[in-house]
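Taking it in order: structure first as structure tokens, then the write-up.
Read the numbers this way: they start at 1 and go in the same order the structure lists the ligands and their atoms. FYI, the numbering just counts along the sequence from 1.
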Amino acid sequence: MGVAEIRENLEQVRDRIAQAAVRAGRSPQEIRLVAVTKNVAADRIAQALDAGVEMFGENYVQEAREKRASLGRSSACWHMIGRLQSNKTRLAVDLFDVVETVDREKILRELDRHAGQVGKVVSVMIQVNLSGEPTKSGAEAERALGLIRHAATCENLRCVGLMTIPPVDDEPERARPFFARLRALRDGLRPLCPAGVQLDALSMGMSADFEVAVEEGATHVRIGTAIFGQRQRAQ
Ligand SMILES: *Cc1c(COP(=O)(O)O)cnc(C)c1O
């Protein structure tokens, strides 16, 4: 797969995002595309950068570090979208601008501490587990406000929104209720947020269901396969 194919896939994805936005009476500009690069080699990430991608998502801190080392500097924004272990928070602060997968206070404390040490402000999203599947990471919805309040006390963190991953399903429509619930949760939490917290972001939707997510209010869609093709293997 070369740069032409990546460009073409990107164009199609952006087009589909725009159409879904218009269907929902939204402006396509409200939706950010996070290109998910787990298992994607650095040279293809470089091609995506050339093709104008501005946000990338990585699942594994170590993998992100290796690829970033060979990519060099760019103005791209990097999102951590995989489960974060507390012993990886220092590296995560170095590598990422946004951590989308905060689901416990310990992670907030550690991110804040390391961000303070390097003089960086890290944006965070609270990952919410709406399906109740115990194997899934993410905080229960009832715990989101507590985490937002805690984040608001962290000088070096900025809580910007919520993220969710619905249960795996072949039928995108079955993800819709989860997306709608995340939006309702955000809307309900907004008036309860501490002063200064702008709870705007809704990171939801992947290759199989991003159009449904956009219709339900996603501000960030995380898309891998539809841009880079099928991954070689899961890590
Ligand atoms: C892998 C992954 C994605 C992208 O999945 P695709 O189906 O390849 O688009 C999005 N979000 C998270 C959290 C992921 O792990």
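- Here the closest heavy-atom approach between residue P194 and residue I148 is recorded as CD-CG2, 4.2 Å.
- Checked against ring pair (Phe, Tyr, Trp, His ring centres under 6.0 Å), F210 has no partners two or more places apart in sequence or in another chain.
- Below 30°, between 30° and 60°, or above 60°: for F56 and W78 the angle between ring planes is below 30°, a parallel geometry.
- In this structure a side-chain-to-backbone donor-acceptor pair under 3.5 Å is present from R26 to V214.
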For ligand 1, what N or O to protein N or O distances fall under 3.5 Å?
residue: ligand 1; atom: 8 (O); partner: T225; partner atom: N; Å: 2.8
residue: ligand 1; atom: 8 (O); partner: T225; partner atom: OG1; Å: 2.5
residue: ligand 1; atom: 8 (O); partner: R231; partner atom: NH1; Å: 2.8
residue: ligand 1; atom: 8 (O); partner: R231; partner atom: NH2; Å: 3.2
residue: ligand 1; atom: 9 (O); partner: S207; partner atom: N; Å: 3.0
residue: ligand 1; atom: 9 (O); partner: S207; partner atom: OG; Å: 2.5
residue: ligand 1; atom: 9 (O); partner: G224; partner atom: N; Å: 2.8
residue: ligand 1; atom: 11 (N); partner: R222; partner atom: NE; Å: 2.9
residue: ligand 1; atom: 15 (O); partner: K38; partner atom: NZ; Å: 2.6
residue: ligand 1; atom: 15 (O); partner: N59; partner atom: ND2; Å: 2.7

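- Qualifying side-chain contact (heavy atoms from CB on, under 4.5 Å) partners for D94, counting only residues two or more places apart in sequence or in other chains: V118.
- Not a single salt bridge (charged side-chain N to carboxylate O under 4.0 Å, His left out) links E54 to another residue, sequence neighbours left out.
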